[in-house]
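Note sheet for the following structure.
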Amino acid sequence: MADLLQYTITGITVGMVYSLIAMGFVLIWKSSGVANLALGQLVLLFSWFTYGMLAQTGLPVWLGLVVVVAFALLLGWIIERFVLRPLIAQPILSLIAVTLGMAYFIEGLCTFIWPWGVDVLPRLFPQDPIRIGTAVVSQEYLWAAGVSLLLFGALSLYFKYSRMGIAMRATADDQMAVQACGIPVTRIFSRSWMFACVMAAVGGILMSSIGGISYGLVETGMKSFSVVILGGLDSFLGAIIAGPIIGLAENLAGGYLTAYTWPGVKEIIPFIIIIIVMFIKPYGLFGESRIERI
Amino acid sequence: MLKLNNIEVTYLNVIRVIHGVSMIVPDGQIVALLGGNGAGKSTTLKAISGLLHVEVGKVTDGSIYWDETRIDEKGAEDIGRLGIVQALEGRRIFGHLTAEENLLVGAFNRSNRGQVRDDMDMVYHYFPRLKDLRKNTAGYLSGGEQQMVVIGRAMMAAPKMMMLDEPSLGLAPMLVEEIYEIIKRFNREQKTSVLIVEQNVRVALSIADYGYVLENGRVVLDGSADFLKNNEDVKEFYMGLSATGAKKNYRELKHYKRRKRWL
Amino acid sequence: MHLPAGIRNYTYAQDMAIFRTKTQWVMFGGLIVLLAVVPLLMGNYWLSIFNIIGITIIAAMGLNLLTGYCGQLSIGHAGFIAVGAYTSAILTGQYGVPFIIGMLGGGLIAGLTGVLFGIPSLRVKGFYLAISTIAAQFIIMWVISQWGSVTGGYIGLNVSPAEIFGFQFTSQLSKYYLIMGICVIAVFVAKNLARTRQGRAFVAVRDNDLAAQVMGISLFRYKLLAFFVGCFFAGISGALLAHCYYGFLNPEFFSFKESILYVGMIIIGGLGTTVGPIFGVVFVRLLERLISLELVPFLESTVTALPSGWASGVTPMLFGLVIVLFLILEPRGVAHRWQMFKNSYRLWPFSY
Amino acid sequence: MASKHSKDITRRGFIKGTGVASLVLFIGGVPFLISACGETKQTIKIGLSTPSTGPAAEKGQVLEHGNKDAVRYINEEWGGVGGYPVELVWMDNGYNPSNMVNNVHKFMDSRCITFGCSSSAMMTAGMSAANQNGFTGLAVYGAPVIYRPPKHIYGQMPDYGDDFVVFAQYYKDNLWNGQGKPKVAMHLLNNSTGSGAHDGAKAKAAEMGFELIEPVYEHTASTTSETTSLNSIRSLNPDILYIASTPKPSSVIIKNANELGMTGGNMVIACGHAGMTKALVDLAGADVCEGVYGLFPTVNWDDDASGMEKLKEYCQRYHPSDYGNMDYIASWCQSLIMAKAAELAVESVGYEALAKGDGAAWKAYEDYGIKALNNYDVEGLQGPVSYTVGDNRMSKSLRVFQVQKGSINPVTDWIDAPLIEYEKYDWFGKQ
């Protein structure tokens, strides 16, 4: 029973971190229908940038974080303006491939500026683990979970009620029709990339507080793909719920199944769950189904 | 007043589809742009609304003026802000949004919330049916209702000129008449000029003041709606009526084939 | 297909032929001669690069049939390549099966694995399907790395060189001819498959699967067929990779990143065309090699004033930058640019 | 028509066309550009490939720097090899196996006499081409598979399996005072680094009187929490938690173990040499790492070795950010060993024969260079290097280190790892 509690708490908190990254993906997808393959690399870049601001230049924490957010906004704008905008109205797969090129570029940039490849952020959160019953959980995880929930709330409200949010969703449905309404889609795209970059930055800061900055962040970023799919590509609710599901599945499988199967079953079980779920709900748990009328 | 001055449109730098079209849409009037498939009607509309670049096309010659402003080199948003709004062909609604959200998207560029509210009521006044459906996901509405949403969305932008691309496409004749009736009313009451692209010539001319017939990227015939309605060629080729005005008898088709005058 | 002015087809056979004019035959002949002669002038290093290009083209052809023609996005191609590689290596190594049979066996098993993971395609589409292929990648690699008694696990697996009728393909040159031979066959099979009833069904499924179904095209059959064929090619490519390229297999050789790169390659080349994947593979593979193996070391040795770590970071930066620039300049892929070039060449000096 | 036509070539179209054309030209032209700049100095060429980009860049970068600085050192202080400067042909492999295959061919084509590589995954990719041509390679870090059975690939250091065996011996001799068999739990990275240690344990644990807890646990390089697996391990109450991984995941495991209260009691944590670097202490925090054991085959930065002073000097001058990183020392030693062997070969067969860089030169390098190495002390920086027949590990010596107050200090002298003939075990490297 003590084990179960530990696995559950670890699973949920770890999963919330996945959710955090996943929401950045959903944001871009929801407004422009582009799958951002450079997500993990962006997380890496912002982690390093935060490191640069806090550890290398020695700015006060609050100022450093403000600079990071400003940089994220700027980078989001740059990416949209100079990489994606020229490709508006081109086949969607080309836009996906362009994010792949971006991924390589960002990866190189990180190696270029911070060639030693692994480092730690200054402590932003208290270190002492928290005990819940018999289970132990690092405080950083609880912070990450809290931030996840907060962002989820903010984004959901924004997309549901704000004029820009509704227009973003409309753009995902039909770019050309949005343009025909005289709406500047470019502004919508650049807004969503700016937000997504800020989310990647927040995710990066939290994740690198947990496990340090290294290339592993990119791979964790990729893990959030499966979270996104399970939850539904266009659903923040899906992302916030699927993250803990994946985290739970991993940890329960890791805890109870490893003895009966090969090691590493923990990494595989989420995929098996996703495949099963897809047969029942092809558009993820909360994704909007594609509306088809012939 | 919209004025097209001998424009040419080329796609992909290679395929020229409009070979010099000139036309005028006077303020407050309904102008119909008629023609068969591939005549270049939709392309002309996109040239006006600035959406050509989406399909890698551009206006390679001639000019388009909106009042005194030259607009053929402007982007879609700028043109939209001037008050020219296009409803695309094929009921391009935002399927995952509710009907009301669809309408709100149309009012994106307007900051006065009170006026937007009022216009929303105006749209519901023209399309009472939408009021009941406003919380429904637009993708699941019927074809006619979707077309209403699309036209309503264009109305929400408080346009000076509204361009409609084949609003009758795929709708039942009853519904077509209903929608056209509403367009006519909207034009009369709001003093908005309307440019309608239509293959259904009969219904288009029933509300239009003036019409242009497009074929192979050229204007081949233009005139007032009455003139066109009574033109033998238009009757023969676009309305399926024989010279006597009666419904054509397909059994006699072989014996006598009228040649288009302009070919 | 457009033909030069004055050329007309008078028979159906003529109309269906791939090469329809003398010029085309001459150019094809020239290409074959080029492929046969050029390697004689190259060192082993360039041969090894051309070998990996050839092997990659085979896999990319398969992915193009699956993604480009049938519209089923697959981001797990490296996993299917691994299935082919391991199957062939195990068949030849542990059961003494001849290389050719081993290779076909690799293709077959990879194809069947593809069908297995393609089953969700009957329910889901687009990026949702992609996760099923990502899952395929991870599950396959997990099984390979854990099933040590058969696959050697993380320790790896020695693979014997390819052997046909007693001739061992050990030199780079002989490997080159073997790979290019199989590659040319693969390209022709892919080209012809795309033009048949099956190919047209694929395209119909891609463009609108619901409509295709209404037209009487069995989605079950054609989607799974596409997965089978696409992964069969991957398997063949994997077998060549094992026998003619690495000579050793390790689960780390088939990374997820490689899978993503495959998708990138066919997009850059141009989806849904036969020449597209060839262009894409040559572009990406050459770029990868030239930047990381030639340009950057060269710059580093000549411009010594640069700070340390310069070269390592610049490699992926340049690679990414070129891909981004390329797509911005030519978003529809190299094949599209090629088509435009051919058209304007035919119409020259008129632009349309 | 002419005027009309010229209008169609728009500025944008022109830029596009030129852009695409120049990209194509760039790709086609680079080889010629490079081949045009050949040099004809009398040098000894040595190939080197490191994973300086991609997932292993954190180690690859440092390894690259260590090698490059060592070659500078050799050319400046040794006066080259037998009077001929060493020319390093360095190529990144990005941890991409197909790049590695190309690299090996490039080394052979550009007449290198030998090549160095740093990770076992990359070495397994390149080794078949090298072995086939009798081209000698030296790997810094390696799993047993790259030289069992011995061919033309050599290991600079003991492998990950040897790590475990040496630590087990140390534990038995110095730390164990209980009854019965000490229990070992293993936490392994899911690649050859982890499996190398597992192989060593499978081969030797029982023989040395340890109980190896099966199943072993695995983690990925990107893991962010191992609380679950450690929870399972805790319930088995092991005496040793042995981690064979890179610094980042190792730090996560040590941190989680600390949170679960597994440290501080009787349980000992030990890390294999892939993880035992300064980065580990940085990542996990000095207090958390306190008392963690680790294996490493070279000296540490604070040690007093004859070559240490110059190493520090070069590191400070060229790559100060690597100061304190043990991978730097390891790769520095790699270059010294390759150069030393080349020196021996030059003495035996002469420069002309060796510099040809053909099959005969490779054989000469192997026979009169590598195989002639006998008790070379690598300037005191790592365990002595010798070749013994049937064992392609050039050095068998490891030292046990311990994290004490944030620094990594040696607690033993060199311990020689016994040769494990893995190929005799039926589970090893199935063919």
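Lettering of chains follows the sequences in order, A, B, ..., and the numbering in each one begins at 1.
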Query raised in the report: Between atom CG of D234(A) and atom NE2 of H96(B), what is the distance when rounded to the nearest 0.5 Å?
Result: 6.5 Å
**Report entry** Considering all heavy atoms, the nearest A180(A)-V85(B) contact
**Finding:** O-CG1, 4.1 Å
Report task. Evaluate the side-chain contact (heavy atoms from CB on, under 4.5 Å) criterion for residues E101(B) and R169(A): first the C-alpha distance (whole Å), next the side-chain angles of each, then the deciding distance (0.1 Å), finally the verdict. Result -> CA-CA 10 Å; E101(B) 282 169 343; R169(A) 278 156 57 210; 2.8 Å; yes
Query - Heavy-atom pairs under 4.5 Å with chain A, option from R153(B), M163(B), M156(B) with the top count - result: R153(B)
Requested in this report: Please examine the side chains of K46(B) and M176(A), heavy atoms only from C-beta on, and report whether any two atoms are closer than 4.5 Å.
Outcome: yes
Query raised in the report: Roughly how far, to the nearest 0.5 Å, is the SG atom of C181(A) from the CG atom of L104(B)?
Result: 11.5 Å
Report task. Kindly determine whether Q86(B) and Q179(A) satisfy side-chain contact (heavy atoms from CB on, under 4.5 Å), including the steps that lead there. Result -> CA-CA 9 Å; Q86(B) 183 184 0; Q179(A) 278 179 299; over 6 Å; no
Report summary line: Closest non-hydrogen atoms of N109(B) and P184(A), given as atom of the first, atom of the second and distance, are OD1-CD, 4.1 Å
Query raised in the report: Quick one: does NZ or CZ of R163(A) land under 6.0 Å from the six-membered ring centre of F108(B), within 45 degrees of the ring axis?
Result: yes
Query - Per-residue contact mode, L97(B) against chain A (heavy atom under 4.5 angstrom) - result: both
Requested in this report: Please round to the nearest 0.5 Å and tell me the distance separating atom CG of D174(A) and atom CG of N102(B).
Outcome: 10.0 Å
Query raised in the report: So, do F94(B) and V178(A) sit near enough that their side-chain heavy atoms are less than 4.5 Å apart?
Result: yes
